[in-house]
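All remarks here apply to the structure that follows.
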Amino acid sequence: MYYKNKLDFYFEQYGTKIVVGIICLIIIASGLFLYIKINKPQQNTPVISGSNDTNTEVNVTNDESILPENLKALKVGEKTTVKVATVNDKGILTLIVGEKRIEAKMIGTDFTTMMPDAVYSLDQDLSGKYVDISFDENKVSNGYAMIYIYSENASLYNAKLLKEGKIILDSSISKKALEYNKLAESQAYAKQTLAGVWEY
């Protein structure tokens, strides 16, 4: 077969393959472009309805407005007497303070790991009874009053639960907390004596 020039020769021999190759490259490039565009992380800015305050979450988390005025006025470690109305299955207490009811958690306690009778013991010891409570630096966290409870002989009830191995120490508690040493020592004792949750 006669070719006018080399270009005609190469096109006849390789033209179809070149065209197919170019089409394949275009398809692959288009696919990559679409994949990158679809999977690109969305930069959505969360919108807080009815507020321009960027610290709204923080304010809600530690908002002391849930506390009656007499509790707001308490200094760190200062005690006052309240009535425990109920205890739920997560160790959350409902306190009656004057005419107000507030939900509270005991500082340093973690009920995610507990003995089966932990809540029963708590209910028997506290429900319907008057107890002394005190606060640390942060009085409220995530909508709950954060409290220390003291039993009749002024011993720390939070520590009693830990010492008996009914529950474990909250790992997020600050070492600067008012009663941290007492709480940590109580759990250490439970571990050493294999009490409660530390039996095995």
Side-chain angles (χ1 to χ4, degrees), residues 57-98 100-193 195-198:
E57 185 176 346
V58 174
N59 292 338
V60 169
T61 299
N62 299 312
D63 184 6
E64 291 188 7
S65 66
I66 67 164
L67 301 177
E69 292 303 319
N70 61 324
L71 295 188
K72 287 182 192 177
L74 287 179
K75 297 176 182 176
V76 173
E78 187 178 356
K79 296 177 185 176
T80 190
T81 303
V82 300
K83 185 176 183 179
V84 178
T86 59
V87 179
N88 76 8
D89 59 0
K90 294 180 182 177
I92 297 170
L93 313 170
T94 300
L95 307 179
I96 300 174
V97 186
K100 194 165 186 176
R101 287 177 175 250
I102 59 171
E103 291 192 323
K105 290 183 177 181
M106 289 183 287
I107 298 169
T109 62
D110 181 352
F111 282 81
T112 58
T113 301
M114 63 178 174
M115 291 296 290
D117 66 339
V119 173
Y120 175 79
S121 296
L122 198 63
D123 186 54
Q124 291 296 304
D125 292 344
L126 302 178
S127 287
K129 297 179 182 175
Y130 287 90
V131 296
D132 287 337
I133 66 167
S134 72
F135 293 102
D136 221 311
E137 289 289 344
N138 295 322
K139 294 182 179 179
V140 175
S141 178
N142 295 317
Y144 296 101
M146 301 303 293
I147 61 172
Y148 294 113
I149 294 181
Y150 299 89
S151 57
E152 293 174 0
N153 59 359
S155 61
L156 182 61
Y157 188 80
N158 310 43
K160 176 181 182 285
L161 291 174
L162 292 166
K163 192 171 185 177
E164 293 174 354
K166 299 284 187 186
I167 55 171
I168 61 172
L169 181 66
D170 180 4
S171 60
S172 68
I173 187 173
S174 169
K175 290 184 178 180
K176 294 180 180 178
L178 181 66
E179 300 280 18
Y180 174 80
N181 288 339
K182 198 173 286 186
L183 296 171
E185 287 168 8
S186 296
Q187 174 157 287
Y189 177 85
K191 283 183 178 181
Q192 186 179 3
T193 58
V197 296
W198 308 104

Where [X] and [Y] come nearest, the two heavy atoms and their spacing:
X	Y	result
A145	I102	CB-CD1, 4.1 Å
L67	K72	O-CE, 3.1 Å
G196	M115	C-SD, 3.3 Å
Y148	A177	OH-CB, 3.7 Å
K83	G128	CE-O, 3.6 Å
M146	N138	CB-O, 4.1 Å

Supply the atom-to-atom distance [X] [atom1] to [Y] [atom2], rounded to the nearest 0.5 angstrom.
X	Y	atom1	atom2	answer
I133	Y150	CD1	OH	10.0 Å
K182	L162	NZ	CG	12.5 Å
Y144	L93	OH	CG	11.0 Å
T109	I167	OG1	CD1	4.5 Å
D117	L122	CG	CG	11.0 Å
E164	Y189	CD	OH	10.0 Å

Partner of E179 by side chain to side chain contact (heavy atoms under 4.5 Å, CB included), out of L156, D136, N158:
L156
Any donor-acceptor N/O pair, [X] side chain to [Y] backbone, under 3.5 Å:
X	Y	value
K175	Y180	no
K129	Q124	yes
S155	S151	no
N88	I92	yes

How far apart are the C-alpha atoms of I173 and I107, what are their side-chain angles, what is the distance that settles it, and do they pass the side-chain contact (heavy atoms from CB on, under 4.5 Å) test?
CA-CA 8 Å; I173 187 173; I107 298 169; 3.9 Å; yes
Are Y157 and V131 close enough, and set up right, to give a side-chain contact (heavy atoms from CB on, under 4.5 Å), and what steps lead you there?
CA-CA 10 Å; Y157 188 80; V131 296; over 6 Å; no
Report, as yes or no, whether the 6.0 Å neighbourhood of atom NZ on K139 holds more than 12 heavy atoms from other residues, nucleotides or ligands.
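Atom NZ in K139 is packed in, count exceeds 12.
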Would the number of heavy atoms belonging to other residues, nucleotides or ligands and lying under 6.0 Å from CD of E78 be above 12?
yes
Using a distance-only test with no angle check, is there a side-chain donor-acceptor pair under 3.5 angstrom linking D132 and T81?
yes
Output, in order, the C-alpha distance, side-chain angles, deciding distance and verdict of side-chain contact (heavy atoms from CB on, under 4.5 Å) for K105 and D170.
CA-CA 11 Å; K105 290 183 177 181; D170 180 4; over 6 Å; no
I'd like to know whether D110 forms a side-chain contact (heavy atoms from CB on, under 4.5 Å) with L169, so could you lay out the CA-CA distance, the side-chain angles of the two residues, the decisive distance to 0.1 Å, and finally the verdict.
CA-CA 6 Å; D110 181 352; L169 181 66; over 6 Å; no
Are the side chains of [Y] and [X] in contact, using a 4.5 Å heavy-atom criterion?
X	Y	value
F135	I147	yes
W198	I168	yes
I96	V82	no

